J.: 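Below you'll find the structure I mean.
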Amino acid sequence: MAGNPAARGLMDDTALLDGLVITHDMIAEGVHYLPCDPPETVGWKLAAVNASDLAAKGATPQAALLSLTMRGDGGWEMAFLDGLEAALAEFGLDLIGGDTIALPEGAPRMLGMTAIGRAEAKTPARSGGQAGDALWLVGALGDAAAGLTMLRRDPSATGPLVDAYRRPVPLLAAGQALAPQASAMMDVSDGLLIDADRLGAASGCKVEIDLDALSLSPDFIAEHGDDRAACLFAATGGDDYALLLSAPETVDVLGLSLPVGPRVIRIGRLVAGEGLSLLECGEDVPVPERLGYEHRST
């Protein structure tokens with residue numbers, strides 16, 4: 001299965017084929033977005049999660065294909081398409097085709113997109129990390145999970161945390177600036193801990209993360225605090241669409257020409273071995289049983 005070299009052994013979120021970076025993501029009602037979410041934000045989110053995979057490879061967005069399920073009188077879908085159109089324009093993706101199907105009344109919507117980007121000089125995989133590399137996080141951590149928690153408590157909730165959940169912004173410019181210097185890179189979609197563990201496994205290394213290095217936003221701290229429990233909530237929540245990368249110690253990531261806005265923090269390192277370890281003030285911290293979102297039925 002997937003024996004073509006373009007698949008990269010299915011160890012990555014994208015394929016690399018003839019100079020193109022290709023990714024496909026689906027979102028399902030009640031799983032990846034709430035039934036109460038405005039349809040235009042669902043359209044934005046579908047484009048954003050796919051563009052984030054391109055960002056993690058330093059690719060330049062080119063085009064997209066849409067799989068759209070339709071239900072009811074079409075009003076929801078029209079608003080969805082408005083949000084999608086705005087996001088595609090923002091991210092530089094042209095819609096070039098796709099497919100639509102009708103759903104029976106009451107069936108949950110499932111929406112898919114294939115995004116295509118142009119590969120640049122280097123397309124870092126998850127598997128390129130080396131023992132001794134520094135581990136860096138670019139972007140917000142925990143805000144989207146906090147926003148989702150607010151919405152589950154009160155579907156009418158608003159504010160920057162809710163916006164972080166409903167309207168993620170892929171770090172395309174940052175990804176293009178980081179890719180030439182990264183030994184491994186991926187986006188954080190399922191939770192920092194589970195995605196860092198995946199990067200380490202693909203690279204054949206153990207991942208060490210310093211919890212006290214994690215930077216939480218003032219809005220997150222106002223809602224959840226900044227103690228160990230809050231840090232672990234942020235690190236396992238998912239939907240961040242930040243960038244996680246390893247780079248040699250000789251690379252000055254903070255000295256790169258990065259866009260203004262996303263936080264850039266060193267959060268740990270890759271070392272010889274396997275698995276994941278957490279530190280706080282130099283002391284070992286138990287690794288939680290749940291590292292993040294798992295793509296499987298239970």
Side-chain angles (χ1 to χ4, degrees), residues 9-14 25-28 31-33 49 52-53 56 125-129 131 133-149 152 161 164-165 168 171 184-217 220 223-246 263 265-298:
L10 297 182
M11 293 293 287
D12 221 317
D13 283 334
T14 65
D25 262 319
M26 299 176 66
I27 59 175
V31 179
H32 303 97
Y33 69 93
V49 301
S52 184
D53 285 337
R126 294 183 185 184
S127 56
D133 282 358
L135 193 66
W136 295 83
L137 180 72
V138 181
L141 186 68
D143 285 7
L148 175 58
T149 299
R152 283 176 169 162
L161 297 176
Y165 167 70
L171 302 180
M185 188 158 69
M186 63 184 295
D187 74 335
V188 179
S189 55
D190 294 329
L192 172 64
L193 298 192
I194 197 168
D195 285 330
D197 190 53
R198 290 166 177 162
L199 186 148
S203 296
C205 295
K206 180 179 181 179
V207 177
E208 292 184 349
I209 292 179
D210 300 315
L211 284 181
D212 40 342
L214 301 184
S215 177
L216 305 176
S217 73
F220 178 94
E223 191 72 20
H224 287 275
D226 60 357
D227 59 6
R228 180 188 296 179
C231 287
L232 289 174
F233 173 83
T236 58
D239 266 343
D240 299 303
Y241 302 103
L243 296 178
L244 177 69
L245 68 142
S246 65
R263 297 195 296 275
I265 52 175
R266 177 172 173 168
I267 61 168
R269 62 204 62 80
L270 299 183
V271 299
E274 60 183 26
L276 174 70
S277 67
L278 303 179
L279 301 172
E280 187 177 54
C281 300
E283 300 293 328
D284 288 331
V285 172
V287 176
E289 182 176 345
R290 179 186 176 277
L291 299 181
Y293 178 74
E294 295 273 10
H295 293 265
R296 64 188 182 196
S297 60
T298 56

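Just so it is clear, the structure is predicted and the values come from calculations on it, not from any experiment. Note: hydrogens, waters and symmetry copies are ignored here, and every other heavy atom, side chains too, is used.
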J.: Using every non-hydrogen atom in the two residues, find where Val188 and Gly191 come nearest and quote the distance to one decimal.
T.: CG1-C, 3.7 Å

J.: Hey, are the side chains of Asp284 and Leu279 touching, using non-hydrogen atoms and a 4.5 Å cut-off?
T.: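 Asp284 vs Leu279: side chains touch.
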
J.: Quick one: pull up OG in Ser217 and CG in Leu161 and give me the separation to the nearest 0.5 Å.
T.: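 The distance works out to 6.0 Å.
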
J.: State whether the side chain of Ser52 and the backbone N or O of Ala242 hold a donor-acceptor pair below 3.5 Å, judged by distance alone.
T.: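 Not at all, since once roles are kept as given, no pair shorter than 3.5 Å links the two residues.
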
J.: Rounded to the nearest 0.5 Å, what separation is found between the CD atom of Glu289 and the OG1 atom of Thr236?
T.: 12.0 Å

J.: Within this structure, what is the CG-CG distance for the pair Leu232 and Leu291, rounded to the nearest 0.5 Å?
T.: 10.0 Å

J.: At their closest point, which heavy atom of Ser277 faces which heavy atom of Glu208, and how far apart are they?
T.: OG-CG, 3.2 Å

J.: Nearest 0.5 Å, please: how far is CG in Asp53 from CG in Asp25?
T.: 5.0 Å

J.: Does the plane of the ring in Phe233 sit parallel, tilted or perpendicular to the ring in His224? Use 30° and 60° as the thresholds.
T.: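 Ring orientation of Phe233 relative to His224: parallel.
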
J.: Taking the side chain as everything from C-beta on, heavy atoms only, tell me whether Asp197 gets closer than 4.5 Å to Val207.
T.: no

J.: Given Leu192 and Leu214, is the side-chain contact (heavy atoms from CB on, under 4.5 Å) satisfied, shown in steps?
T.: CA-CA 10 Å; Leu192 172 64; Leu214 301 184; 3.9 Å; yes

J.: Report the C-alpha distance between Leu270 and Leu199 in whole Å, list the side-chain angles of each, state the deciding distance to 0.1 Å, and finish with yes or no for side-chain contact (heavy atoms from CB on, under 4.5 Å).
T.: CA-CA 10 Å; Leu270 299 183; Leu199 186 148; 4.2 Å; yes

J.: If you define the side chain from C-beta out and look only at heavy atoms, does anything of Ser189 sit under 4.5 Å from Tyr241?
T.: yes

J.: Please name the pair of heavy atoms, one in Cys205 and one in Ala131, separated by the smallest distance, quoted to 0.1 Å.
T.: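 So the two residues come closest at SG-N, 3.5 Å.
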
J.: Quick one, Leu141 and Ile267 - any side-chain contact, counting heavy atoms below 4.5 Å?
T.: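 Side-chain contact under 4.5 Å: no.
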
J.: CZ of Arg290: more than 12 outside heavy atoms within 6.0 angstrom?
T.: yes

J.: Given side chains that start at C-beta, do those of Leu193 and Leu278 come closer than 4.5 Å, heavy atoms only?
T.: yes

J.: Which distance, rounded to the nearest 0.5 Å, do you find between the CG of Leu135 and the CD1 of Ile265?
T.: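 Between Leu135 CG and Ile265 CD1, I get 10.0 Å after rounding to 0.5 Å.
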
J.: Which value, rounded to the nearest 0.5 Å, describes the distance between Arg228 atom CZ and Glu280 atom CD?
T.: 4.5 Å

J.: Should Arg266 and Asp210 count as an ion pair when the cut-off is N to O under 4.0 Å?
T.: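 Salt bridge: no.
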
J.: Can you see which heavy atom on Ser127 is nearest to which on Ser203, and at what distance?
T.: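 Closest pair (atom of Ser127, atom of Ser203, distance): C-OG, 3.4 Å.
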
J.: Donor-acceptor pair, Asp240 side chain versus Ala144 backbone, under 3.5 Å?
T.: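 The answer is no, because no donor-acceptor pair under 3.5 Å joins these two groups.
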
J.: Which heavy atom of Phe220 sits nearest to which heavy atom of Gly225, and what is that distance?
T.: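 That would be CE2-O, 3.7 Å.
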
